[in-house]
There are 2 protein chains.
Amino acid sequence: MELKRYNRQNRMLVAVDCIIFGFDGQQLKLLLIKRGFEPEQGRWSLMGGFVQPGESFESSAQRVLKQLTGLENVYLEQLYAFGDPHRDPLERTASIAYFALIDISKYEKQLSSEYHAEWFSLKNIPSLIFDHKEMIRMAKEKLRYKAAFHPVLFELLPAKFTLPQLQNLYEGVYESMMDKRNFSRKILSTGLLIKQKQKDKEGSKKGAFYYKLDKKKYRHLFNAFLKFVPDPGNIK
Amino acid sequence: MELKRYNRQNRMLVAVDCIIFGFDGQQLKLLLIKRGFEPEQGRWSLMGGFVQPGESFESSAQRVLKQLTGLENVYLEQLYAFGDPHRDPLERTASIAYFALIDISKYEKQLSSEYHAEWFSLKNIPSLIFDHKEMIRMAKEKLRYKAAFHPVLFELLPAKFTLPQLQNLYEGVYESMMDKRNFSRKILSTGLLIKQKQKDKEGSKKGAFYYKLDKKKYRHLFNAFLKFVPDPGNIK
DNA sequence: CAATTAATTGTCAAATGTACAATTATTAAT
DNA sequence: ATTAATAATTGTACATTTGACAATTAATTG
């Protein structure tokens with residue numbers, strides 16, 4: 001007789017949660033929502049949802065992300081599977097956490113009003129449900145790790161950006177100051193940036209030249225091993 | 001009225017699978033078992049098991065690992081959550097993959113006979129069930145990444161080991177040759193090794209001095225950022 | 001004691017990292 | 001028109017690390 005299922009084993013709910021990073025030119029931010037159902041209705045939470053039949057974890061995370069931001073084809077990476085038996089008090093629920101990097105200028109505000117979503121500065125995160133605080137801690141750590149060797153932070157920037165903006169971003173991610181001269185030398189030496197003729201005149205009299213990513217080199221070098229940060233600090 | 005469960009959502013099985021690395025002094029190896037139940041009974045497989053009620057993913061992996069090797073307190077790290085809806089043809093089953101690094105000399109052979117377990121050279125892995133081949137590919141990649149910056153490969157070695165053995169290990173992990181002089185200079189400069197007065201006389205007339213890990217420095221430096229490998233290659 | 005084998009040790013040039021400040025472009029005010 | 005103010009842009013010298021490369025040493029064997 002053919003087996004039809006694995007008998008005597010317990011099944012559990014599986015959800016995805018998204019840690020959504022954005023950068024407004026000054027600060028690194030996270031997109032959070034107000035949870036719309038019990039338990040913990042009305043409290044701040046990461047955007048998430050249950051994995052549906054026929055859906056992989058990755059496509060589930062993509063679906064959830066599109067629901068909230070309207071965006072597709074964004075940078076999305078699996079962070080960690082959270083499986084503490086009591087992380088959700090109502091019923092055992094595993095959560096596969098993903099982190100996303102989006103260009104904050106492309107995100108559609110109207111969608112997020114439905115979820116009462118808001119951008120929070122990373123230094124000012126409110127109290128969150130379940131283990132979402134821990135998820136964010138790990139996401140920050142992993143972003144630091146990744147960005148030290150791969151040009152992943154460009155995913156947070158618009159098509160045109162300035163060197164001071166880029167340095168702001170790196171300084172925000174690593175919560176430390178960098179030397180302007182050494183920073184631009186290192187970044188430019190990767191050959192990833194193409195200088196534009198236009199300047200950004202906001203926020204300075206002299207204006208700062210715009211740069212664009214060399215998309216071809218970017219794709220080619222993404223998995224190569226560059227070094228964007230001297231010492232990424234103590235990271236796992 | 002209080003909610004008791006999340007209604008109208010589908011639950012699924014969740015398992016853990018362990019990619020178990022060992023090093024015999026010459027080659028990097030993986031411990032595989034012959035699957036003992038249907039479907040795919042009798043085929044080669046990673047050691048795994050279903051996550052039980054009340055058990056976290058990590059403790060589930062520890063349990064599975066102890067069942068097969070008799071070992072506790074081994075290096076264990078979550079690799080990735082595999083969730084393709086059809087990865088197990090019988091029933092939807094998620095798998096949280098962990099990779100383990102064990103000292104091959106400590107592992108208890110008698111236990112593994114129960115599971116028909118065998119060590120396989122990484123270059124000679126047999127056909128495997130489900131997505132286990134992909135799990136191994138990712139585990140190798142992650143081990144490379146990790147070992148490039150953290151002294152994690154010492155987990156594979158016995159308490160006393162020689163520099164040539166250590167270099168063999170690194171060369172096995174990176175599938176490339178390294179210069180003896182540069183290798184020992186780099187490794188010794190970390191201050192992690194304590195030279196012993198004894199020599200290992202196996203395999204050479206002159207004999208090679210044993211070294212021990214400085215456990216205190218090891219724990220202290222583990223998350224620090226050392227550089228053990230010149231260029232870890234193209235890795236995610 | 002000579003021959004063999006593998007471990008151990010050293011040097012130099014090139015590349016990279018680090019610390020540090022003067023100059024330039026633009027706008028606003030006098 | 002000149003000056004003052006602001007932030008962007010550019011350069012240099014020194015220290016450290018890396019990478020390429022070969023001679024010497026310790027032990028065993030015939």
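A, B, ... follow the sequence lines: proteins, then strands. Residue 1 opens every chain. Since the structure is predicted, the reported quantities are computational estimates derived from the model, not experimental observations.
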Hey, does the side chain of [X] reach the backbone of [Y] with a donor-acceptor pair shorter than 3.5 angstrom?
X        : Y        : result
A/Lys142 : A/Gln78  : yes
A/Gln167 : A/Met178 : yes
A/His150 : A/Ala224 : yes
B/Tyr174 : B/Arg144 : yes
A/Ser113 : A/His116 : no

What is the separation between atom [atom1] on [X] and atom [atom2] on [N], rounded to the nearest whole Å?
X        : N      : atom1 : atom2 : value
A/Lys227 : C/dA15 : NZ    : C1'   : 13 Å
A/Leu166 : D/dT9  : CG    : C1'   : 15 Å
B/Leu226 : D/dT18 : CG    : P     : 11 Å
A/Met177 : C/dA19 : CE    : C1'   : 17 Å
A/Ile187 : C/dG17 : CD1   : P     : 12 Å
A/Asn168 : D/dA7  : CG    : P     : 12 Å
A/Gln167 : D/dT9  : CD    : P     : 11 Å
A/Met178 : D/dT9  : CE    : P     : 18 Å

Of the nucleotides C/dT8, D/dA8, C/dG17, which has the atom closest to the B/Leu163 side chain?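 Output: C/dT8.
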Measure from the side chain of B/Ser184, starting at C-beta and using heavy atoms only, and say which of C/dT8, D/dG19, C/dT9 lies closest.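 It is C/dT9.
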Can you tell if the side chain of B/Leu143 reaches within under 4.5 Å of the side chain of B/Leu153, non-hydrogen atoms only?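 Yes, their side chains come closer than 4.5 Å.
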Test item: side-chain donor near acceptor, A/Thr162 and A/Asp200, under 3.5 Å: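 The answer is no; no qualifying pair exists.
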Donor on one side chain, acceptor on other, A/Tyr218 and A/Glu155, under 3.5 Å: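 A/Tyr218 vs A/Glu155: donor-acceptor pair found between side chains.
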Both conditions, 6.0 Å and 45 degrees, for the charged tip of A/Lys199 above the ring of A/Phe209: are they met here?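 A/Lys199 over A/Phe209 ring: yes.
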If you find the nucleotide of DNA chain C closest to A/Asp179 and the one closest to B/Arg185, which residue's nucleotide is nearer the 5' end?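 So the residue in question is B/Arg185.
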5' priority, DNA chain C, between B/Gly203 and A/Arg181 [closest heavy atom]: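 Its nucleotide being nearer the 5' end, the pick is B/Gly203.
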Angle between the end axes of the helix from C/dC1-D/dG30 to C/dT30-D/dA1, five pairs per end, to the nearest 10 degrees?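 Its terminal axes enclose an angle near 10°.
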In the 5'-to-3' direction, what one-character label does each nucleotide of nucleotides 25-30 of chain D receive under the scheme B = base within less than 4.0 Å of a protein heavy atom, S = sugar-phosphate only, - = no such atom? BBBB--
